[in-house]
**Q** 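Here it is: the structure, laid out below.
Atoms within each ligand, like the ligands themselves, are counted from 1 in listed order.
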Amino acid sequence: MNTPSSPGRLTGQNALVTGANSGIGEGIARELAAQGSNVVVNYVVQPDVAQKVCDDINAAGGGKATAIQADVSKEDQVQAMFAEAIKQFGTLDIVCSNAGIQRDAKLVDMTLEQWNQVIGVNLTGAFLCAREAAREFTRRGMRDVSKALGKIIFTSSVHQEIPWAGHCNYATTKGGIMQLMESIAQELAPQKIRVNSVCPGAIETAINRKAWDTPQAAAALEKLIPYGRIGVAADIARVTAWLASDEADYIVGTSIYVDGGMTLYPGFATGG
Ligand code: BGC
């Protein structure tokens, strides 16, 4: 994780990563910093954990890290987070809208609260962070650190494409992120803002612990992954950092699936 594929590739840039005190977000924050970007580590709970991520990053000698609390589903908190980030770093060049939650239930059992919580964090949070990012990029204008005015990267999911029984709130938010991403990519590209998504498959983090933390569960999960291994946060982080870099300057409005082939419908390898 701490061996960047391209040290210095993001030097001089400033990034904000939501939900960065654990899982995929933490991996993205560490990788961006390892490649030279300063990074805001956003969190909602467990400030000590966010601070530990920042301490590690600051000790590692790449970009600098600062922890900022905000619940991304709340407009005032998102705006306060962006204001604080801009106060500390001067501006932002990369915004990774990554924070996401699951509140799983069958349709007939799903409460309105479970529905609203997931829509609030995963989809409204993505909208609010993208909007504040675009406002800041256009306010500030071009800088000589990147060919783009700014980059917005959503952490979506294979479930923007694969339906998911028992998780309709979550899958709905990921389908929504796809249309949000493509619509604003079309809207913002003329201003040289690149908007894209990374779509992880099954990545070993706390959100899906039940799906991999026993040998039986892991074996069942691997059947859904043609490449035969469960992903790790670094698999997503490296692609996200590359997508943020000028090496990906011509990638606009694209979803990159990083899923070991999960979206290849592996059941059809032997059936159909
Ligand atoms: C979900 C995980 C799940 C994975 C593959 C992700 O978006 O958050 O819980 O394991 O998709 O199904």
**Q** Salt-bridge test for Lys52 and Asp56: reply yes if a basic N is under 4.0 Å from a carboxylate O, no otherwise.
**A**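 A salt bridge is present here (some side-chain N lies under 4.0 Å from a carboxylate O).
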**Q** Could you tell me whether ligand 1 has any atom less than 4.0 Å away from a heavy atom of Gly201?
**A** yes
**Q** To which protein heavy atom is atom 6 (C) of ligand 1 closest, and what is the distance rounded to 0.1 Å?
**A**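 So the nearest neighbour among protein heavy atoms is Tyr170 OH, 3.5 Å.
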**Q** Among all the protein's non-hydrogen atoms, which is closest to atom 5 (C) of ligand 1, and how far away is it?
**A**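 That would be His159 NE2, 3.5 Å.
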**Q** What are the atoms of ligand 1, with element, lying closer than 4.0 Å to any heavy atom of Ser157?
**A** 6 (C), 7 (O), 11 (O)
**Q** Which pair of non-hydrogen atoms, one from Pro200 and one from Thr155, has the smallest distance, and what is that distance?
**A**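 Looking at all heavy atoms of both residues, the closest pair is CG-CG2, 3.8 Å.
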**Q** What are the atoms of ligand 1, with element, lying closer than 4.0 Å to any heavy atom of Gln102?
**A**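 What qualifies from ligand 1 is 1 (C), 2 (C), 8 (O), 9 (O).
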**Q** Please write down residue, atom name and distance for the protein heavy atom closest to atom 3 (C) of ligand 1.
**A** Trp164 CH2, 3.7 Å
**Q** Is it the case that the side chain of Asn14 and the backbone of Thr91 share a donor-acceptor pair, with hydrogens and angles ignored and the cut-off at 3.5 Å?
**A**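 Side chain of Asn14 to backbone of Thr91: a pair is present.
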**Q** Does the residue Trp212 have a heavy-atom contact with ligand 1, meaning some pair of atoms that are separated by less than 4.0 Å?
**A**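 Per 4.0 Å heavy-atom rule, Trp212 does not contact ligand 1.
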**Q** Could you give the distance from CG (Leu224) to OG1 (Thr263), rounded to the nearest 0.5 Å?
**A** 11.5 Å
**Q** Is it the case that ligand 1 has an N or O less than 3.5 angstrom from some N or O of Asn208?
**A** yes
**Q** What orientation do Tyr170 and Trp164 show, parallel under 30°, tilted 30 to 60°, or perpendicular over 60°?
**A** perpendicular
**Q** Closer than 4.0 angstrom, basic N to acidic O: yes or no for Arg229 and Asp235?
**A** yes
